[in-house]
Amino acid sequence: LDGDEFFIDLFFYNRLLQCFVLFEIKTAKLTHQDIGQLQMYVNYYDRYERQDYESPTIGVLLCADKNDAMVKITLPENNKTIIASKYQLYLPTEQQLIDEIKKEIDKFDHH
């Protein structure tokens, strides 16, 4: 961009959703600058690469740690295209997955 070079970590195209999916991987705690960097990539693909028939670009930020409040404040309230998630070095056990699903179901049952 105007002589500066930027590189996305991973770039995919989802055929079913018909959209670009961009991944940034951060090995330290997530910062608002990291979110801004990914937003720049998403904006670029939406403005210069995406065709009219394609869905908006999705950005996924995987990080070692994150502050949920900072993520919520940094992203627009109506955000649907940037996702920040903490990654784990090991897959959860089957029981941990079942427990997480039950917690999510309980959240919906109480609304």
Side-chain angles (χ1 to χ4, degrees):
L1 300 173
D2 287 339
D4 291 334
E5 292 185 356
F6 302 93
F7 301 95
I8 188 77
D9 290 333
L10 295 169
F11 162 85
F12 294 93
Y13 188 83
N14 186 306
R15 278 183 31 209
L16 295 177
L17 296 178
Q18 289 194 307
C19 71
F20 297 107
V21 182
L22 311 177
F23 284 84
E24 267 297 295
I25 301 168
K26 301 296 178 187
T27 57
K29 188 170 183 177
L30 187 67
T31 68
H32 64 282
Q33 292 94 333
D34 297 329
I35 296 171
Q37 178 186 14
L38 183 58
Q39 185 67 64
M40 179 185 69
Y41 295 146
V42 167
N43 290 345
Y44 175 84
Y45 274 88
D46 274 348
R47 295 173 191 175
Y48 299 107
E49 302 293 335
R50 181 170 66 99
Q51 300 296 310
D52 290 340
Y53 65 87
E54 292 176 314
S55 299
T57 301
I58 296 172
V60 180
L61 228 163
L62 297 176
C63 55
D65 195 12
K66 67 183 172 89
N67 175 326
D68 289 335
M70 183 274 298
V71 172
K72 286 179 185 172
I73 293 298
T74 304
L75 291 171
E77 282 187 287
N78 61 350
N79 169 63
K80 290 183 175 57
T81 59
I82 299 287
I83 301 160
S85 183
K86 185 175 171 180
Y87 65 81
Q88 297 179 334
L89 296 178
Y90 302 99
L91 290 174
T93 66
E94 182 178 354
Q95 189 57 51
Q96 287 172 319
L97 288 172
I98 291 168
D99 292 344
E100 280 300 313
I101 291 170
K102 286 179 181 175
K103 277 200 289 192
E104 291 300 315
I105 291 170
D106 285 345
K107 283 182 193 175
F108 285 109
D109 287 345
H110 290 101
H111 282 109

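Annotation: side-chain hydrogen bond (donor to acceptor under 3.5 Å, both in side chains) contacts of E5 (sequence neighbours excluded): none. Qualifying side-chain hydrogen bond (donor to acceptor under 3.5 Å, both in side chains) partners for Y44, counting only residues two or more places apart in sequence or in other chains: E49.
Atom-to-atom distance recorded for Q95:CD and K102:NZ is 6.0 Å, nearest 0.5 angstrom. For the atom pair CG (L62) and CG (L30), the distance works out to 10.0 Å, reported to the nearest 0.5 Å. Taking CG of D99 as the start and CD of E94 as the end, the distance is 10.5 Å to the nearest 0.5 Å. One distance of note links CD1 of I25 with CD1 of I8; it measures 9.5 Å at 0.5 Å rounding. The structure places CG of L38 at 9.5 Å from CG of N43, a figure rounded to the nearest 0.5 Å.
You'll find the side chain of D34 stays beyond 4.5 Å of the side chain of E24, heavy atoms only. At a threshold of 4.5 Å between non-hydrogen side-chain atoms, the residues L17 and I58 count as touching.
When all heavy atoms of F7 and Y41 are compared, the closest pair comes out as O-OH, 3.1 Å.
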Please report the C-alpha distance between Q37 and F6 in whole Å, then the side-chain angles of each, then the deciding distance to 0.1 Å, and finally whether the side-chain contact (heavy atoms from CB on, under 4.5 Å) criterion is met. CA-CA 9 Å; Q37 178 186 14; F6 302 93; 5.7 Å; no
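Remark: side-chain polar atoms of S55 are not paired, donor with acceptor, to backbone N or O of C19 under 3.5 angstrom. With hydrogens and angles ignored, the 3.5 Å screen pairs no side-chain donor or acceptor of D46 with any backbone N or O of P56.
Within the structure, salt bridge (Lys or Arg N to Asp or Glu O under 4.0 Å) contacts touching residues 7-18 (residues at least two apart or in different chains) do not occur.
Counting non-hydrogen atoms of neighbouring residues, nucleotides and ligands closer than 6.0 angstrom, the OH atom of Y48 reaches no more than 12 such neighbours.
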